[in-house]
2 protein chains.
Amino acid sequence: MPEQAINADEVVGAALDLLDDVGLHGFTMRALAQRLGTYPATIYWHVGSRGEVLSAASARVLDSVFADLPDPTSTPWDAWLDAFARGYRRQMQSHPAIAAWGVTHFEARVPAPDDLEIIVGVFARAGFHGEALALAYNMFLGSLIGWVGVELIADDPELGSDPEQMEGSVRALDADDYPTIVANLDHLANHAIAFRWQGGIANPLDAAFDFAVATWIAGLRAQLASRSG
Amino acid sequence: MPEQAINADEVVGAALDLLDDVGLHGFTMRALAQRLGTYPATIYWHVGSRGEVLSAASARVLDSVFADLPDPTSTPWDAWLDAFARGYRRQMQSHPAIAAWGVTHFEARVPAPDDLEIIVGVFARAGFHGEALALAYNMFLGSLIGWVGVELIADDPELGSDPEQMEGSVRALDADDYPTIVANLDHLANHAIAFRWQGGIANPLDAAFDFAVATWIAGLRAQLASRSG
DNA sequence: ACCTGAACACCGTTCAAGT
DNA sequence: ACCTGAACACCGTTCAAGT
């Protein structure tokens, strides 16, 4: 039995390395093949198309989120959701290209039923059942995945948008025309969606993420109270 | 003064039509030129690169969201945010390709300060000021844009993922291994993130969106109460 | 079973040249 | 100022051919 020169796991690992190095835009079947010292067709043999390689890389990152989480049965539901949200964001910060691809490709593959059972189980123990469970699950997962995807926009969009010019246009807003923006500009400039001139890796919105997670959980608590009341 | 054969507005309009017809993947500078009866270089002359065309199309759709909203000064903040969320989602449902592109390209361009002043003003009248205003703004906008982006995944990912096979794997989950999922399967199957085999256009998650918006607003209400208490 | 090498049918973008 | 036509440097994917 001679060792194989290459296998699917190696392809996925190299894909993640390449994504981290060059981003989604530079992630090319040809570049991936070159990094593995082989030919594009070899990748098709072991894993499949570009989309399938990205899907496999995304699955590996998502799985690693669950490696570091507290025990879901002995942890209060709100503390567990908080830890899950932070773990998810941390992994996406390590692989921003996966975050960008994932937001729009979180398809219906039941990629890891074990992980999904854990999440669904936490909502059940929180007191959500039947339709309310599905609603709470969708609210939290959609908000989390989506929010992090929005936060982690690339520093360099493909546009030629100049950060300095952008900063200038934010700071030049007239107080007569835009009173509320100008009154709160110190807290908005480079710290709020659509007011930023840096991406979410160079400029993470840490306080905003803390507030968002707390607000999602506070909202769920209010929903539980109104349903049992 | 002879009429020009073409102008930037026409290019953006044709771009939106093309996006609606063929999706983000089929949106090609060459296809756009052909639709306009001209050459790719003409698009570069009037609007710019592919990214700039998408950015302009996205800006036009976003602007149209604000055309149909209630008066922000005479509407309670929670009712206004609710209407805004619904208007945003409706426009994205009309242009799903823009939703997909927008989630990861909501850059820092202050594209429409008038619209942003309205949103920020609503949070100010709700009682958020200074840093709390920026936090609430980021929480709501990031959740909304992100959630809708996750919902509106394309029915056909580039993967060869077979919907029928996907439905089969969801329905085949074993009750011993996945008790909570199976117990709630009727409410999860094709109605929850990662349990779907259709995209958000063919299969909109209406009830989940209603619940998400209500939960975001309930969470903001709780944050207001805890800060003033 | 696994890999090579080349080919096919595309891309986005640039640019000299026209009017 | 605006458009043409062609070219450059790439893509993803397929496929016959090798071992």
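Values below: every heavy atom of this structure, side chains too, minus hydrogens, waters and symmetry copies.
- Checking C/dC3, D/dC3, D/dC11 against the side-chain heavy atoms of B/His46 singles out D/dC3 as nearest.
- Distance, A/Tyr44 OH to D/dG12 P: 7 Å, rounded to whole Å.
- Atom P of nucleotide C/dA6 and atom CE of A/Met29 are separated by 20 Å, given to the nearest angstrom.
- Qualifying salt bridge (Lys or Arg N to Asp or Glu O under 4.0 Å) partners for A/Asp68, counting only residues two or more places apart in sequence or in other chains: none.
- The distance between atom CG of B/Leu32 and atom P of D/dC3, rounded to the nearest whole Å, is 13 Å.
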With a 3.5 Å cut-off and sequence neighbours excluded, list the donor-acceptor pairs that the side chains of residues 199-211 of chain B form with protein atoms.
| from | atom 1 | to | atom 2 | distance (Å) |
| --- | --- | --- | --- | --- |
| B/Asn203 | ND2 | B/Asn190 | O | 2.6 |
| B/Asn203 | ND2 | B/Asn190 | OD1 | 3.3 |
| B/Asp206 | OD1 | B/Arg89 | NH1 | 3.3 |
| B/Asp206 | OD1 | B/Arg89 | NH2 | 2.9 |
| B/Asp210 | OD1 | B/Arg86 | NH1 | 2.8 |

Tabulate below the donor-acceptor pairs under 3.5 Å that side-chain atoms of residues 140-150 of chain B make, not counting sequence neighbours, or state none.
| from | atom 1 | to | atom 2 | distance (Å) |
| --- | --- | --- | --- | --- |
| B/Ser143 | OG | A/Trp216 | NE1 | 3.0 |
| B/Ser143 | OG | B/Met139 | O | 2.6 |
| B/Trp147 | NE1 | A/Asn138 | O | 3.1 |

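- The side chain of A/Thr28 lies closest to D/dC11 when the candidates are C/dC3, D/dC11, C/dG12.
- We find that CH2 of A/Trp45 is positioned 14 Å from C1' of D/dA17, with the value rounded to whole Å.
- Scored by the salt bridge (Lys or Arg N to Asp or Glu O under 4.0 Å) test, A/Asp177 finds no partners at all (sequence neighbours excluded).
- Applying the side chain to side chain contact (heavy atoms under 4.5 Å, CB included) criterion to A/Ala14, with sequence neighbours excluded, gives A/Leu32, A/Arg35, A/Leu36.
- Nearest-nucleotide positions on DNA chain D place B/Arg30 closer to the 5' end than the other of B/Arg30 and A/Ala31.
- Rounded to an integer number of Å, the gap from A/His25 NE2 to C/dC11 P is 16 Å.
- Rounded to an integer number of Å, the gap from CD of A/Gln34 to C1' of C/dC3 is 17 Å.
- Side-chain atoms of B/His95 and B/Asp20 form a donor-acceptor pair, as typed in the model, at a separation below 3.5 Å.
- Listed nucleotides D/dT4, C/dC3, D/dT13 differ in distance to B/Thr42; the shortest reach to its side chain belongs to D/dT4.
- With hydrogens and angles left out, the side-chain atoms of B/Asp114 and A/Tyr178 include a donor and acceptor closer than 3.5 Å.
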Could you write out DNA chain C as a dot-bracket string, with dots for unpaired bases, | for bases paired across to another strand, and Watson-Crick or G-U pairs counted at under 3.5 Å? ||.|||||...|||||.||
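- The residue among B/Ala41 and A/Thr38 whose nearest nucleotide of DNA chain C lies closer to the 5′ end is A/Thr38.
- The nearest whole Å value for the distance from the CD1 atom in A/Ile6 to the P atom in C/dC3 is 6 Å.
- In this entry the distance linking CD1 of A/Ile43 with C1' of C/dT4 reads 13 Å, nearest Å.
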